[in-house]
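Okay, structure first, notes after.
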Amino acid sequence: MLLRCRIPLEHFELDLNVSFDARVTAIFGPSGSGKTTLLDAIAGLRAIAAGEIEIDGQILFSTVKGIHLPPRQRGIGYVPQEAALFPHLSVKQNILFGAGREIQTGRSPGIQCAHVLEVLEIGGLLARPVTKLSGGEAQRVALARAILSRPRLLLLDEPLAALDIGLKERILPYLGRVRDEFAIPMIYVTHNLTEVLTLADWVLMIHQGRLITQGVPRETLRTTRAMLQSPDEQFENVFTVTFVDSDANAGRSKVRVQSGEELFIPYLPQPPTRPFQIRISADAIMVATQNPQGISAGNVVPGVVRAIDILEGQAMLTVLAGEEFYVRLTGAAVSRLGLLEGGRVFLIMKTRSFHFL
C-alpha cells in the first residue's frame, strides 16, 4: 500500500509518506496523534489537502491525477471504535447489510457467511436486536458486517478501546481468528502495545501527525519504547507457544516457546492442539542476580541483559532468556542490583502471572 497524505489539523499537520505490504499493519501512537484521521482518509471519509493513496496498484486518491473515488467504490470495510450498528435492525439484518455490498465491491468472493458466523461465534445471536448485545458481541457483529462486504482492505479503529479489560481479553482472540481465516489485509489503529504485539506483522508509529519509525513490531518497539512508555502504560510480553503437558493436581500446564524454553502457565483443562499465544506483563517479572532458592514462583529462567533504558525513574530491561523478555523495574532497583548490559540475571515469574490468549 502507498500512502502519501497531508491533512491540516487544529494543532498540527498530518503529513505521511509511507509504503507497506503486510497482512496486519498496526498504526500505533498516543491519543490525538492523527491515527483515526488517517483511517478516515484511506476510507474516503476525510478530505486530503494533497497526496496519493494506492492499494494493490489501484489509485483511490490523487491530487496530481485528479482521482477521488467515493467511499462506496473503494472496497474498504471499516470497523470504528463504537460498533455503529443500525439500532432498528436485528443482528442478522445488520450482517446481511454488509453481505449486500458484494455486488459493489466483489473483492473476496470466497468469503462465506456461514464461515464468518462460525469464526466469530455469533450464529446464536442472529435473531437478537442489536440493542440487546453486550459490547463484545456488538464488536463481533460489526466485524462480521465488515468482512461480509468482501473488502480488499479492512480498517479497524481501536475496536477494543471501549471495552473493559476482561472483554478485551475475550475479543482479542477473535481478531486473531479474522487475521488467520480470511485473506483480507488489515490496518489496525491502537495505542495498546499488547494488541500490536499480538496481532500485527508491521507497525507504523506516529506522533503529532509524523511517522516516527516503522518495522517489525518487537524490533520497532524495542528501539523506541523509552520515548513512548509511561508508568501507567501496560507493556505485555506476548509469545507463541506449543502445549507440552498438564498436571491438574499441581494446577499448571507446561508450554514450550519457539526458542525451546519451557514455561509453566495456569492449568489448561482442554489442551490446545496447535500453537497459541500467552502473555505476561513486564511489571509481573522479577529479576535476581543469583539463582533464587526456596521460592514459590514456578518459573526461574536464566538470561542476559541486552539493553537498559531509563526514563523518569522507570527502567525497561530487554533480557534474552530463550526469547526476549521486557521487564519494567524502578531506576532504584536497577542501581541496587547493579544491573548492567551484558550482565547475567534470573527472571522470576509466577505461574499465574501468565495469561492465555
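Bear in mind that the values here come from a model prediction, so they are computed numbers and not experimental data.
Under the ring pair (Phe, Tyr, Trp, His ring centres under 6.0 Å) criterion, no residue pair touches residues 2-26, with sequence neighbours excluded. Within the structure, salt bridge (Lys or Arg N to Asp or Glu O under 4.0 Å) pairs that include any residue of residues 6-21 comprise Arg6-Glu13 (at least two apart or interchain). Judged as a side-chain hydrogen bond (donor to acceptor under 3.5 Å, both in side chains), not a single pair has a partner in residues 333-345 (not counting sequence neighbours). Every pair tested for ring pair (Phe, Tyr, Trp, His ring centres under 6.0 Å) that includes a residue from residues 130-155 fails, sequence neighbours excluded, so the list is empty. Sorted by first and then second residue, the ring pair (Phe, Tyr, Trp, His ring centres under 6.0 Å) pairs involving residues 44-70 (not counting sequence neighbours) are Phe61-His68. Identified under the ring pair (Phe, Tyr, Trp, His ring centres under 6.0 Å) test for residues 274-318, with sequence neighbours left out: Phe276-Phe356.
At least one donor-acceptor pair closer than 3.5 Å links the side chain of Ser253 to the backbone N or O of Leu268. Between the side chain of Thr190 and the main chain of Asn192, a donor-acceptor pair closer than 3.5 Å is present. At distances below 3.5 Å, at least one donor-acceptor pair connects side-chain atoms of Arg218 with backbone N or O atoms of Glu324. Without hydrogens or angle criteria, Arg256 side chain to Phe243 main chain gives no donor-acceptor distance under 3.5 Å. Within the 3.5 Å criterion, the main-chain N or O of Val178 finds no donor-acceptor partner in the side chain of Glu181. Checking side-chain atoms of Lys254 against main-chain N and O of Leu263 turns up no donor-acceptor pair under 3.5 Å.
Taking the ring pair (Phe, Tyr, Trp, His ring centres under 6.0 Å) definition, one finds that Phe182 meets it with His115, sequence neighbours left out. Every residue meeting the side-chain contact (heavy atoms from CB on, under 4.5 Å) condition with Pro269, not counting sequence neighbours, appears here in chain and number order: Tyr267. Looking at residues two or more places apart in sequence or on another chain, you find a side chain to side chain donor-acceptor pair (under 3.5 Å) between Arg4 and Glu52. With sequence neighbours excluded, no residue forms a ring pair (Phe, Tyr, Trp, His ring centres under 6.0 Å) with Phe354. Listed by chain and residue number, nothing satisfies the ring pair (Phe, Tyr, Trp, His ring centres under 6.0 Å) test with Phe346 (two or more places apart in sequence, or in another chain).
Residue Leu2 is not grouped with residue Met186 when hydrophobic side chains (ILVMFWY) are merged at heavy-atom distances under 4.5 angstrom, including chains of intermediate members.
When all heavy atoms of Ile42 and Leu60 are compared, the closest pair comes out as O-CD1, 4.3 Å. Nearest approach of Ile59 to Ile67, heavy atoms of both residues: O-CG2, 3.7 Å. Pairing each heavy atom of Thr213 with each of Leu211, the nearest pair is O-CD1, 3.5 Å.
Between the side chains of Tyr188 and Asp157, no donor-acceptor pair is found at a separation under 3.5 Å. At a cut-off of 3.5 Å, with distance as the only test, a side-chain donor of Glu121 or Tyr174 sits close to an acceptor on the other residue. Gln58 and Arg74 are not linked by any side-chain donor-acceptor pair at a separation below 3.5 angstrom, with hydrogens and angles left out of the test.
Between Phe97 and Phe86, the ring planes lie perpendicular to each other; the angle is over 60°, past the 30° to 60° tilted range.
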### Message
Ile122 vs Leu126, test: side-chain contact (heavy atoms from CB on, under 4.5 Å). Steps then yes/no.
### Response
CA-CA 7 Å; Ile122 56 174; Leu126 294 180; 5.6 Å; no
Side chains of residues 290-304: which donor-acceptor partners sit under 3.5 Å, not counting sequence neighbours?
residue: Asn299; atom: OD1; partner: Phe264; partner atom: N; Å: 2.7
residue: Asn299; atom: ND2; partner: Phe264; partner atom: O; Å: 3.0
residue: Asn299; atom: ND2; partner: Met349; partner atom: O; Å: 3.2

